[in-house]
Amino acid sequence: MPEEIIIGAVLTQNTNWKNVSRAIENLKKALGENDILRKAEALSTEKLAELIRPAGFFNLKAKRLKALLAFLKAYDFDLNRLKSVPTDALRKSLLEVKGVGKETADSILLYALDKPVFVVDSYTKRLLKRLFNIDLQGYDEIKNLFESEYPPDLALYQELHGLIVEHAKRYCVKRPKCDECPLQENCYYASQLK
DNA sequence: CACCAGGCCCTAT
DNA sequence: ATAGGGCATGGT
């Protein structure tokens with residue numbers, strides 16, 4: 001559900017998905033399934049904060065969510081209208097919303113608005129560092145690296161990001177499980193362990 | 001008990 | 001420019 005993804009993109013900032021889904025359940029229970037963006041925007045920041053409490057940082061995120069919803073209101077919460085905006089311009093607009101940074105913006109673009117942009121997250125950075133010893137600090141530097149290597153295909157970018165997260169989560173944890181990792185033969189970090 | 005989780009903004013050097 | 005602090009819940 002694209003609407004839930006937009007909300008979830010803000011709620012998941014530095015937070016695990018399990019807590020986020022609880023928060024979203026609260027919202028759905030309180031507001032119903034349809035037109036959730038419009039209804040959420042109409043709530044007070046305090047009420048919103050109460051509902052999203054399980055997601056953590058709830059006061060902060062309530063403000064950020066409200067700011068994003070106010071932006072969407074200018075499009076009458078019509079995601080098809082948003083999609084008709086050129087990707088670059090849309091990304092810029094999203095980044096002007098207070099509380100929406102690059103990862104949040106790109107997650108919305110890729111998973112809610114069907115734009116083939118590469119999403120960089122902490123897992124991506126960790127994987128690049130572990131696997132190839134590539135230590136890029138700049139977000140856009142990493143994004144451009146992937147986008148220059150892969151054709152702009154929506155399904156490809158969605159799957160690629162998903163696979164990166166899945167792999168990094170499973171194997172590139174704090175205490176790396178390199179011995180179980182299917183990529184260990186090609187991994188810089190694993191080779192350093194011995 | 002300590003540490004972590006799919007960031008972002010603000011402030012102080 | 002960039003490092004550091006704050007934001008907060010729930011799981012391991």
Side-chain angles (χ1 to χ4, degrees), chain A residues 1-30 45-72 90-131 134-143 145-147 150 154-177 180-181:
Chain A
M1 204 70 77
E3 292 85 358
E4 294 175 28
I5 290 170
I6 290 174
I7 292 171
V10 171
L11 295 187
T12 197
Q13 290 170 0
N14 206 43
T15 301
N16 60 56
W17 257 103
K18 196 161 202 175
N19 288 6
V20 172
S21 48
R22 287 185 171 179
I24 291 180
E25 284 311 305
N26 284 349
L27 285 174
K28 281 160 67 174
K29 195 178 295 181
T45 306
E46 293 74 22
K47 182 64 182 171
L48 199 52
E50 181 188 323
L51 290 171
I52 65 173
R53 170 177 275 273
F57 305 127
F58 49 86
N59 289 314
L60 181 62
K61 285 175 179 175
K63 284 185 210 160
R64 292 181 176 179
L65 204 45
K66 285 280 277 189
L68 178 57
L69 291 167
F71 168 75
L72 296 176
L90 190 50
R91 186 171 194 260
K92 244 172 220 161
S93 305
L94 284 170
L95 289 176
E96 286 173 10
V97 177
K98 190 145 312 204
V100 175
K102 290 173 177 176
E103 189 197 332
T104 305
D106 288 335
S107 297
I108 292 171
L109 290 170
L110 178 64
Y111 288 111
L113 302 177
D114 299 334
K115 303 291 189 182
V117 301
F118 187 82
V119 177
V120 180
D121 54 25
S122 54
Y123 288 132
T124 310
K125 292 177 190 162
R126 192 186 302 173
L127 190 82
L128 281 179
K129 173 69 175 164
R130 291 277 173 90
L131 197 50
I134 293 177
D135 200 356
L136 299 179
Q137 55 278 60
Y139 183 101
D140 287 319
E141 197 179 357
I142 301 173
K143 181 174 189 278
L145 171 66
F146 278 91
E147 291 183 354
Y150 293 93
L154 174 65
L156 174 65
Y157 278 52
Q158 290 179 339
E159 181 170 15
L160 184 54
H161 177 246
L163 289 173
I164 288 173
V165 170
E166 195 180 334
H167 181 92
K169 222 173 194 172
R170 185 178 302 270
Y171 303 109
C172 308
V173 287
K174 196 90 181 180
R175 186 191 301 273
K177 298 188 176 180
E180 301 169 26
C181 175

Inset, instruction - Under 4.0 Å between any heavy atoms, over every strand shown, what does A/Arg53 touch: base, sugar-phosphate, or nothing? Just pick one. - result: sugar-phosphate

Legend entry - Along DNA chain C (nearest heavy atom to each residue), the more 5'-positioned of A/Arg22 and A/Phe58: A/Phe58

Legend entry - Short side-chain to backbone donor-acceptor contact, A/Glu147 and A/Phe118, under 3.5 Å: yes

Inset, instruction - Assign each of A/Lys169 and A/Leu95 to its nearest nucleotide of DNA chain B by heavy atoms, then name whichever residue's nucleotide is nearer the 5' end. - result: A/Lys169

Legend entry - A/His161 ring center within less than 6.0 Å of A/Tyr157 ring center: no

Legend entry - Euclidean distance, atom CG of residue A/Asn14 to atom P of B/dC3 [Å, nearest integer]: 15 Å

Inset, instruction - Quote, to the nearest angstrom, the C1' distance that separates B/dC1 from C/dC7. - result: 22 Å

Legend entry - Backbone N/O of A/Cys172 and side chain of A/Arg126: donor-acceptor pair under 3.5 Å: yes

Inset, instruction - Indicate the atoms forming the closest heavy-atom contact of A/Lys143 with A/Asp106, along with that distance. - result: CE-OD2, 3.4 Å

Inset, instruction - Please determine, for the side chain of A/Asn16, which listed nucleotide (C/dG10, C/dA8, B/dG7) has the closest atom? - result: C/dG10

Legend entry - Distance, rounded to the nearest Å, where A/Trp17 contributes CH2 and C/dG11 contributes P: 16 Å

Inset, instruction - Nearest-nucleotide wise, let me know which of A/Gly99 and A/Val165 is further upstream toward the 5' end of DNA chain B. - result: A/Val165

Legend entry - Phosphate-side-chain proximity, A/Ser122 and B/dG7, N/O vs OP1/OP2 below 4.0 Å: yes

Inset, instruction - To the nearest Å, give me how far apart CD (A/Gln13) and P (B/dC9) are. - result: 8 Å

Inset, instruction - Specify the separation, in whole Å, of atom CG of A/Asn59 and atom P of B/dC9. - result: 17 Å

Inset, instruction - Ignoring the backbone of A/Lys18, work out which of C/dG11, B/dG7, C/dG10 is nearest its side chain. - result: C/dG11

Legend entry - Spatial distance of atom CG (A/Asp114) from atom CG (A/Leu109) [nearest 0.5 Å]: 10.5 Å

Inset, instruction - Could you check how far CG of A/Leu68 sits from P of B/dG7, rounded to whole Å? - result: 17 Å

Legend entry - side-chain N/O A/Thr104 vs B/dC8 OP1/OP2, d < 4.0 Å: yes

Inset, instruction - Return the value, rounded to whole Å, for the distance between atom OH of A/Tyr139 and atom P of B/dG7. - result: 11 Å

Inset, instruction - Select base, sugar-phosphate, or nothing to describe what A/Val119 touches, counting heavy atoms under 4.0 Å on all strands. - result: nothing

Legend entry - Sugar-phosphate, base or nothing in reach of A/Tyr111, heavy atoms under 4.0 Å: base

Inset, instruction - Tell me what A/Lys98 touches on the nucleic acid: a base, only sugar-phosphate, or nothing, going by heavy atoms under 4.0 Å. - result: sugar-phosphate

Legend entry - Interatomic distance, A/Asp121 CG vs B/dC8 P [rounded to whole Å]: 10 Å

Legend entry - Whole-Å distance separating the CD atom of A/Glu103 from the C1' atom of B/dC8: 10 Å

